[in-house]
Amino acid sequence: MREIRIGDFVEYAVERSDYPPAKIQQILGHETIAVLGYGVQGRGQSLNMRDNGLRVIIGQRPGGKSWQEAINDGWKPQETLFDLEEAARRGTIVQYLLSDAGQKEMWPRLKPLLTPGKALYFSHGFSIVFSDQTGVVPPPDIDVILVAPKGSGTTVRRHFLEGRGINASFAIHQDATGRARDRCLALGVAIGSGYLFETTFRKEVVSDLTGERGVLMGAIYGLWLAQYEVLRAHGHSPSEAFNETVEEATQSLYPLIGENGMDWMYANCSTTAQRGALDWYPRFRDATKAVFEELYQRVANGEETRRVLEANSRPDYREQLERELRAIRESEMWQAGKVVRELRPERQGR
C-alpha cells in the first residue's frame with residue numbers, strides 16, 4: 001500500500017503488487033463469482049477474472065444479443081452461462097452489473113437468493129445510495145462491496161490484454177463476514193485494476209455522475225459543439241473546424257496530458273498556444289463553474305438518478321436512445337469526424 005500526499009491531504013493506494021496471484025487465489029479460490037449482466041463492464045470484468053484463473057459464471061437473460069456474445073466468448077450454457085436467477089443462486093459472490101434501471105427491476109428476485117455469507121458487488125454506488133428510488137436494501141448478513149473502474153469495460157479489457165492496469169476506486173458498505181475488504185481488493189486486482197483508492201458508495205456515485213455529465217462526456221461535447229459551430233458560422237470548412245476542435249485534442253494534446261500533466265502539455269506547445277490557453281482558461285472556468293455546481297447539487301439530491309430511472313424504464317427507451325444517438329451520428333460535425341478518421345495514416349496502412 002502506497003501513501004499519497006497531495007498538499008496536506010493524505011490517502012493510500014492499494015497496488016497490484018499488494019495482491020499477487022497467489023494471494024488472490026488464497027482469498028477467492030473457493031468462491032464462485034456470478035457476474036450478472038454481460039454489458040460492457042460485465043464482459044470486461046468477467047473475462048479478466050477468468051483469465052486470472054478464478055471460477056466465474058455469467059448470468060444473462062437467454063436468447064438476446066448479450067447471451068450470444070457470451071457464448072461467442074466461450075461461456076457455455078448450463079456450465080458457466082445461466083439465466084440471472086440461477087447464476088445468483090450458484091454464486092458466493094454476486095457481481096451486480098446490470099444497468100441501474102435493470103438492477104431496480106431485478107432486485108425483488110435477487111434479494112431472496114443472497115443467503116448469509118455471500119458478497120454483493122457493485123461497480124457503481126447508484127442503487128445503494130439512492131435506495132429510496134431503487135428499493136435496493138441488502139440483507140444485513142452479507143458483504144456489500146464496490147470496485148468502480150475509472151473507464152469503460154472496453155478499456156478495462158483492453159488495458160488487461162496490454163498488460164496494463166486501470167485505476168479504480170473501492171468501498172465497503174457492509175462487512176458481515178469480516179472478509180469484505182480482502183474480497184473487495186482481491187476482486188479489484190483480478191478484474192484488471194492497476195491501483196485502487198478508497199471511497200464510499202455515496203462519494204463514488206456523486207463524483208461519477210457529475211463527471212459523466214461534466215468533463216468526461218456531456219460538457220466536453222457541449223464545448224466541442226459550440227466551438228465547431230462558431231468556426232463553421234465564420235466560414236471555416238467542416239474538416240478544418242473538426243480538426244481544430246476534436247482531432248488535434250484527442251490525437252495530439254490529450255495524450256500529452258495523460259503522459260505528464262497539463263503543465264507539460266502547455267510546455268510542449270507553441271508560445272502562442274501557451275499564452276492563449278493561460279489567458280483564456282480562467283474565463284472558461286468562471287463561465288462554467290456555476291453550471292458544474294448546479295450539476296453537482298442535482299446529482300447529490302437525487303434529481304439526476306430519478307431522471308435516469310424514469311427515462312430508462314420507459315417501454316420506448318431503446319428507440320428514443322437510438323434517435324438521439326442517430327442525431328449525433330448524422331450531424332455534420334461527426335460526419336466530418338468520420339471522414340477525418342478515415343484519413344489517418346494508420347487507417348490507410350501508411
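These values consider heavy atoms only, across backbone and side chains, with no hydrogens, waters or symmetry-generated copies. Fair warning: this is a prediction, and the values are worked out from it, not measured in the lab.
For the atom pair CE of M262 and CG of L253, the computed distance is 9.5 Å after rounding to the nearest 0.5 Å. Here I58 contributes atom CD1 and Y38 contributes atom OH; the two are 5.5 Å apart, rounded to the nearest 0.5 Å. Atom-to-atom distance recorded for D73:CG and E69:CD is 5.5 Å, nearest 0.5 angstrom. E294 contributes atom CD, which lies 9.0 Å from atom CD of E303 (distance to the nearest 0.5 angstrom).
Two residues are said to be in side-chain contact when any heavy atoms from C-beta on lie closer than 4.5 Å; V56 and T80 fail this criterion. The closest side-chain heavy-atom distance from D100 to F130 is not below 4.5 Å. Side-chain contact between L187 and I33 is present, with heavy atoms from C-beta onward closer than 4.5 Å. Contact annotation: the side chain of L225 approaches that of E229 to within less than 4.5 Å [non-hydrogen atoms, C-beta and beyond]. P149 places a side-chain heavy atom less than 4.5 Å from the side chain of S123. Annotation: side chain of P77 is in contact with side chain of I71 (closest heavy-atom distance under 4.5 Å). Considering only heavy atoms from C-beta on, T32 comes within 4.5 Å of I57 through its side chain. Within the 4.5 Å cutoff, the side chain of V215 has no heavy atoms near those of the I220 side chain.
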Given R61 and D83, is the side-chain contact (heavy atoms from CB on, under 4.5 Å) satisfied, shown in steps?
CA-CA 5 Å; R61 295 179 182 87; D83 65 38; over 6 Å; no

Does Q297 form a side-chain hydrogen bond (donor to acceptor under 3.5 Å, both in side chains) with N301? I'd like the steps, not just the answer.
CA-CA 6 Å; Q297 294 302 329; N301 67 24; 5.8 Å; no

Determine, step by step, whether R202 and E204 satisfy the salt bridge (Lys or Arg N to Asp or Glu O under 4.0 Å) criterion, reporting the C-alpha distance in whole Å, the side-chain angles of both residues, the deciding distance to 0.1 Å, and the verdict.
CA-CA 5 Å; R202 180 165 186 83; E204 188 282 329; over 6 Å; no

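Atom CZ of F284 has 12 or fewer neighbouring heavy atoms from other residues, nucleotides or ligands inside a 6.0 Å radius.
Placement of V94 and L97 in two distinct hydrophobic clusters is found when ILVMFWY residues are connected by side-chain heavy-atom separations under 4.5 Å, directly or transitively. Both Y19 and Y12 are assigned to one and the same hydrophobic cluster, defined by single-linkage of ILVMFWY side chains at heavy-atom distances under 4.5 Å. In the hydrophobic clustering of ILVMFWY residues, with side-chain heavy atoms under 4.5 Å counting as a link, M49 and I145 come out together. Hydrophobic clustering places L84 together with L120 (ILVMFWY residues linked when any side-chain heavy atoms are closer than 4.5 Å, directly or through intermediates). In terms of hydrophobic clustering, with Ile, Leu, Val, Met, Phe, Trp and Tyr side chains grouped at heavy-atom distances under 4.5 Å, F126 and Y121 are assigned to different clusters.
The backbone N or O of R55 lies less than 3.5 Å from no partner atom in the side chain of E31, so there is not a single donor-acceptor pair. Judged by distance alone, with hydrogens and angles left aside, the side-chain atoms of E330 form no donor-acceptor pair with the main-chain N or O of Q335 at under 3.5 Å. A distance-only check finds a donor-acceptor pair linking the side chain of Q133 to the backbone of G302 [under 3.5 Å]. Panel note: side chain S99, backbone G102; a donor-acceptor pair is recorded below 3.5 Å. Counting only distance, with no hydrogens or angles, the side chain of Q45 and the backbone of I191 share no donor-acceptor pair below 3.5 Å. Between the side chain of S331 and the main chain of I328, a donor-acceptor pair closer than 3.5 Å is present. Put simply, the side chain of K118 gets close to the backbone of L113: a donor and an acceptor are under 3.5 Å apart.
For the residue pair S169 and L196, the shortest heavy atom distance occurs at O-CD2, 4.5 Å. Summarising the geometry of S313 relative to A101, their closest heavy-atom pair is OG-CB, 4.1 Å, with the distance given to 0.1 Å. A pairwise comparison of heavy atoms in L231 and E244 identifies CD1-CB, 4.4 Å as the closest pair. Heavy-atom minimum distance, L36 versus L110: CD1-CD1, 4.1 Å. The two atoms that bring W224 and M333 nearest to each other are CB-CE, 3.6 Å, heavy atoms only. Closest approach of P255 and A249 over heavy atoms only: CD-O, 3.8 Å.
E198 and R181 are joined by a salt bridge, as a carboxylate oxygen and a charged side-chain nitrogen come within less than 4.0 angstrom of each other. A salt bridge does not link K338 to E342: none of the charged side-chain nitrogens sits closer than 4.0 Å to a carboxylate oxygen. Ion pair R183/D143 flagged as a salt bridge, since at least one NZ, NE, NH1 or NH2 atom sits closer than 4.0 Å to an Asp/Glu carboxylate oxygen. Salt-bridge annotation for D208 and R213: absent, with no side-chain N of the basic residue lying under 4.0 Å from a carboxylate O of the acidic one. Between E304 and R306 there is no salt bridge, since none of the side-chain N atoms of the basic residue sits less than 4.0 Å from a carboxylate O of the acidic one. Ion pairing of E240 with R232 is absent here, as no side-chain N (NZ or NE/NH1/NH2) approaches a carboxylate O to less than 4.0 Å. Between E86 and R89, at least one side-chain N (NZ, or NE/NH1/NH2) sits under 4.0 Å from a carboxylate O, which counts as a salt bridge. R326 and E319 are not joined by a salt bridge, as no carboxylate oxygen comes within less than 4.0 angstrom of a charged side-chain nitrogen.
For the residue pair S152 / T155, a side-chain donor-acceptor distance below 3.5 Å is found, with atom types taken as modelled. Residues E247 and Q251 have side chains that never bring a donor and an acceptor to within less than 3.5 angstrom of each other.
Between Y96 and W107, the ring-plane angle classifies as tilted under the 30° and 60° cut-offs. A perpendicular orientation is assigned to the rings of F201 and F122, their planes being inclined by more than 60° (bins at 30° and 60°). Taking the six-membered ring for Trp and thresholds of 30 and 60 degrees, F242 and W334 have ring planes more than 60 degrees apart, a perpendicular arrangement.
Cation-pi geometry between K289 and F292 is not met at under 6.0 angstrom from the ring centre and within 45 degrees of the axis.
The side-chain hydrogen bond (donor to acceptor under 3.5 Å, both in side chains) pairs that include a residue from residues 276-285 are R275-D279, where partners are two or more places apart or lie in different chains.
In this structure, Y195 shares a hydrophobic cluster with F197, the cluster being traced through Ile, Leu, Val, Met, Phe, Trp and Tyr side chains under 4.5 angstrom apart.
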